[in-house]
Amino acid sequence: MSAWSRVSITAAELHSFASFSLAPGTINAGTYTIDFCNTTVAYTHRGWNDTIHVRSWLTLENCNGRLQALDGGVYSATFGYLLMIQAVAGGYWPLILTLTLAIHQNSRTILVVSLVAVKFSWSSRGIPDFYDGILSMVPAINMENFILADFWAQQLMKTLGAYPSPYQIRIFCNGTGPEKLTEQGATICSSNRECSVTASNLMINWIRYFIAKDPQYPISNMTDEDFLTAVQVSDREHHSMLKTTSPGMPKFRDAGGKMLSLHGIADEVFPLNGTIAYYQQVLKLDPTANGYYRFFDAPGVGHCQPASGPFPNDAMEQLIAYIEEGIVPHTLNASSPDGP
């Protein structure tokens, strides 16, 4: 008996579909009008209470012969229409995958969540000959460790009862904060100068749903001992599930795959050094990896967006040239919203 079963297959033509869209790995956005065939296959793994939807929009004209698999970020397996529309407009056949998983505890469902597909790991090692190329923007390597590491600043401030003001953070960051930092748990202050830490759903949801497995878990009451226990639980229970740290990619290499990986130096979510450490492990295992896996750190680039520097908007085009024309990218072309 197969481990999975098909739920449904649907297909429907849509014409003059217009909406806002963003090209992957860029800050280039616009409104497009497209004609396409919306095809969706839904299937489930037996006994898992999950439903996976694989959706592809088949362009009806001007196809460039390329499939573009699009993923999402953090807890979302896809950004949906946001990336797909521009892909069809550019002649691609975009493909997205979503997973809905019900987590049960004490005979009741406590969470239904759309989980991110760990495409970096899945593509380069699980099905290495499926993709000719991978554009890896800020890979969430060691996510099960880094999310807790991100939360440590909040935990420490609470323990010490000391909250740096946004002004102090701005000085510490040489004038680049606190706009980006505030999103991930910096501080806010009232008119009477009393400061407190802001909550980040990225960290809070991981602790509540994946560590405590309780959506009402009172994070504000977490002690330092609780925090350290959470770090251990996160690594023990989720490292093997995510599997993002294996540096070996021999099958991807032998299949002729090419990968460009980018991480902003000003990333306020995932530490740059984690990606650098991983790349060094890859090179240690395979000193020739630079011939198929190119890593770039980007000055002034935040988490998937500009911060104080130009953004490499042409990474996808450079990846295609790398694959199809053999043009090795030694640098990535970058531009600011106001010009080159």
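To the nearest 0.5 angstrom, K251 atom NZ is 10.0 Å from D254 atom CG. For the atom pair F252 CZ and Y131 OH, the distance stands at 11.0 Å (nearest 0.5 Å). The CZ atom of F146 lies 7.0 Å from the OG1 atom of T275; values are rounded to the nearest 0.5 Å. Between atom CG of residue L58 and atom CG of residue L95 there is a gap of 9.5 Å, rounded to the nearest 0.5 Å. The CZ atom of R55 sits 7.0 Å away from atom CE of M84, with the distance rounded to the nearest 0.5 Å. Rounding to the nearest 0.5 Å places NE2 of H263 at 9.5 Å from CG of D297.
A ring-centre distance under 6.0 Å is found for Y279 and Y293.
Remark: of the listed residues L82, I85, L83, I85 is the sole one forming a side-chain contact (heavy atoms from CB on, under 4.5 Å) with S21. Across F17, F36, Y32, a single residue satisfies ring pair (Phe, Tyr, Trp, His ring centres under 6.0 Å) together with Y81, and that is F17.
Within the 4.5 Å cutoff, the side chain of N142 has no heavy atoms near those of the F270 side chain. R294 places a side-chain heavy atom less than 4.5 Å from the side chain of Y322. The shortest side-chain heavy-atom distance between Q86 and Q68 falls under the 4.5 Å cut-off. D35 is listed as a side-chain neighbour of S16, based on a closest heavy-atom distance under 4.5 Å. No side-chain heavy atom of I211 sits under 4.5 Å from any side-chain heavy atom of Y217. Taking the side chain as every heavy atom from C-beta outward, Q216 and R208 never approach each other to under 4.5 Å. Counting heavy atoms from C-beta on, the side chains of T59 and Y92 never come closer than 4.5 Å. Taking 4.5 Å as the limit, every side-chain heavy atom of E237 sits out of range of all side-chain heavy atoms of F210.
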Checking N333 against E317 for the side chain to side chain contact (heavy atoms under 4.5 Å, CB included) test, could you report, in this order, the C-alpha distance in whole Å, the side-chain angles of both residues, the deciding distance, and whether it holds? CA-CA 10 Å; N333 302 325; E317 286 71 22; over 6 Å; no
Working note: D267 + H303, criterion side-chain hydrogen bond (donor to acceptor under 3.5 Å, both in side chains); need CA distance, chi angles, decisive distance, verdict. CA-CA 5 Å; D267 192 313; H303 188 71; 3.0 Å; yes
Pair D286-Y292, side-chain hydrogen bond (donor to acceptor under 3.5 Å, both in side chains): steps then yes or no: CA-CA 11 Å; D286 180 5; Y292 59 88; 2.8 Å; yes
Please test H238 against M143 for side chain to side chain contact (heavy atoms under 4.5 Å, CB included), starting from the C-alpha separation and ending with a verdict. CA-CA 9 Å; H238 302 297; M143 187 172 88; over 6 Å; no
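A continuous path of ILVMFWY side-chain contacts below 4.5 Å connects L283 to M259, so both sit in one hydrophobic cluster. The cluster map of Ile, Leu, Val, Met, Phe, Trp and Tyr, joined by side-chain heavy atoms under 4.5 Å apart, puts L285 and I276 in different clusters. Note on I327: it does not cluster hydrophobically with M316, by side-chain heavy-atom contacts below 4.5 Å among ILVMFWY residues. By the criterion of side-chain heavy atoms lying less than 4.5 angstrom apart, applied directly or through intervening Ile, Leu, Val, Met, Phe, Trp or Tyr residues, V328 is grouped together with F296 in one hydrophobic cluster. Side-chain heavy atoms closer than 4.5 Å link hydrophobic residues (I, L, V, M, F, W, Y) into clusters, and following such links, possibly through other members, connects I207 to L228.
Here the closest non-hydrogen pair linking V301 and P310 is CG2-O, 3.3 Å. Nearest heavy-atom pair across K258 and G291 is NZ-O, 3.3 Å. In this structure, P215 and Y209 approach most closely via the heavy-atom pair CB-CE2, 3.4 Å. Contact between N38 and L14 at its shortest, heavy atoms only, is CB-CD1, 3.9 Å. Annotation for A289 and V282: closest pair CB-CG1, 3.6 Å, computed over non-hydrogen atoms. Closest approach of G264 and L272 over heavy atoms only: O-CB, 4.3 Å.
No donor-acceptor distance shorter than 3.5 angstrom exists from the side chain of Y43 to the backbone of S8, with no hydrogens or angles considered. A distance-only check finds no donor-acceptor pair linking the side chain of Q155 to the backbone of L148 [under 3.5 Å]. S56 places no side-chain N or O within 3.5 Å of a backbone atom of T39 that could act as its donor or acceptor partner. Side chain of E144 to backbone of R236: no donor-acceptor contact under 3.5 angstrom is found.
Between T223 and D226, the side chains place a donor N or O and an acceptor N or O closer than 3.5 Å (distance only, hydrogens not considered).
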